[in-house]
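Here the structure comes first, spelled out in structure tokens, and everything after it is commentary.
Order of the sequence lines fixes the chain letters, A, B, ..., with proteins taken first and strands second; residue numbering starts at 1 for each chain.
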2 protein chains.
Amino acid sequence: MSRSGADLALLLLGGYRKLVEAVVAELEVRGYPDARPVLEFAMRAIDAGADSASELGRRLSVSKQAAAKTIATLVERGYVDTEVDPSDRRRKRVRVTDRGHALMREGEAIFDELRDEWARTLGADGLARLERDLAAVVGDSPLRVEAAGWAAQES
Amino acid sequence: MSRSGADLALLLLGGYRKLVEAVVAELEVRGYPDARPVLEFAMRAIDAGADSASELGRRLSVSKQAAAKTIATLVERGYVDTEVDPSDRRRKRVRVTDRGHALMREGEAIFDELRDEWARTLGADGLARLERDLAAVVGDSPLRVEAAGWAAQES
DNA sequence: AGGGTTGGACAACCACGTTGTCGATATCCG
DNA sequence: CGGATATCGACAACGTGGTTGTCCAACCCT
């Protein structure tokens, strides 16, 4: 029944976690043991044009330092590389590598499979309604992924 | 439209954050500047019978050490107190204080107000459907609140 | 009595975020 | 042209909420 507002929050969080944990787990199986949601979302933003730490920070509504750290681990893991911008030598241009793109493709595929599963239990129109209602209520607010610890450990 | 599975995840997370951020912000206004979601949820569990660190850890699907830390900060802030269990001197019984109960009441009230707001934009039946669908899809899985950093700073 | 299990404490660590400061470039403007 | 100002990235310290691992004391069972 879930009459309480707090339960509603938990339900929402539960849905998110369910999805994302499944994706991370499946990505691990498919050869990306170090995929983390933050990294996924950051790569999306980078690919969509946030090609520097400061810019990435802005897009993700996060400090540029946090963005820089994320980029550092992305580079470390080979999902992204950087080169100094010849037209502005302060900047380092960030680009998603082939491996990075491969990861993104896999991630999207898994996400979509999961969504299809939901569509199966809710009905296609049920899912559409869920998404519409959710969108109505949360608005198009900036993303802000983070949600840090949620699945930091594999367990 | 949000056709992608990843967007669905973001929508869910967005909903959760929207709710919880508002609650924390409002609690701050109402005189609980140090209320954190983890604390709220932990208090609920304690009040519902998880009266020791180990037990709380189990209920929240979290290590007993993590639970102990949470209890420590709860004690520090005066929301909870402990006493050794006379019938088992290893245990420390945890109990929510009056101030803790007050906080919980406020929190619930705010959560419910927010839920009412949602009901206003979605319609009562729309919200009910949302909750039902969500419950169907996430199941009655264990809570696992955490979602750590999400609002660690007040900004 | 004596061994296994459980509760809590302590320490080290990880992931992700924050501020603050700094030097090096770019840009704007008088 | 040249100096003030803004921006970029780096580094450091810290906060929050997790994780392991180890340890001792207390409990329970045979």
How is B:S63 classified with respect to the nucleic acid when contacts are heavy atoms under 4.0 Å: base, sugar-phosphate, or nothing?
base

Within this structure, what is the NZ-to-C1' distance between B:K92 and C:dT6, rounded to whole angstrom?
16 Å

Examine the base of D:dG17 for any acceptor or donor lying under 3.5 Å from a partner atom in the side chain of B:Q65, and report the outcome as yes or no.
no

Across the strands shown, which category fits A:T73 at heavy-atom distances under 4.0 angstrom: base, sugar-phosphate, nothing?
nothing

From C:dT6, D:dG9, C:dG17, nucleotide with atom closest to B:R58 side chain:
C:dT6

Between P on D:dC8 and CD on A:E83, what's the gap in Å once rounded to a whole number?
17 Å

I want to check something: taking the side chain as every heavy atom from C-beta on, are A:M104 and A:R99 in contact at a cut-off of under 4.5 Å?
no

A:Y32: which of A:E40, A:E106, A:R77, A:E26 passes side-chain contact (heavy atoms from CB on, under 4.5 Å)
A:E106

Let me know the distance between CZ of A:R93 and C1' of D:dT7, rounded to the nearest Å.
18 Å

From CA spacing to verdict: side chain to side chain contact (heavy atoms under 4.5 Å, CB included), B:L19, B:W118:
CA-CA 10 Å; B:L19 245 25; B:W118 284 34; 3.6 Å; yes

Roughly, in whole Å, what's the span from CG in A:D85 to C1' in C:dT27?
15 Å

Can you tell me if B:R89 touches the phosphate of C:dT6, counting only side-chain N or O atoms and a distance under 4.0 Å to OP1 or OP2?
no

Quick note, A:D88 side chain, CB onward, closest among C:dA26, C:dT19, D:dT7 is C:dA26

Could you tell me the separation between the CZ atom of A:F41 and the P atom of C:dC16, rounded to a whole number of Å?
12 Å

Whole Å only: how far is the CG atom of B:L39 from the C1' atom of D:dT16?
10 Å

Rounded distance (Å) that lies between atom P of D:dT16 and atom CG of B:D34
10 Å

Quick one, B:L60 and B:T70 - any side-chain contact, counting heavy atoms below 4.5 Å?
no

Of the options D:dG9, C:dG8, C:dA15, whose atoms approach the side-chain atoms of A:R36 most closely?
C:dA15

Checking only heavy atoms, does the side chain of B:K69 share a donor-acceptor pair with the base of D:dG18 at less than 3.5 Å?
yes

Rounded to whole Å, how long is the line connecting atom CG of B:L74 with atom P of D:dT16?
14 Å

From the list A:K92, A:R91, A:R90, side chain to side chain donor-acceptor pair (under 3.5 Å) with A:D88 holds only for A:R90

Side chain B:R90 and base C:dT6 donor-acceptor under 3.5 Å
yes

For a quick test of reading the model: is some side-chain N or O of A:T70 closer than 4.0 Å to OP1 or OP2 of C:dG17?
yes

Pick base, sugar-phosphate or nothing for A:A68, based on heavy-atom distances below 4.0 Å to the nucleic acid.
nothing

Contact under 4.0 Å: A:S52 side-chain N or O vs D:dC8 OP1/OP2
no

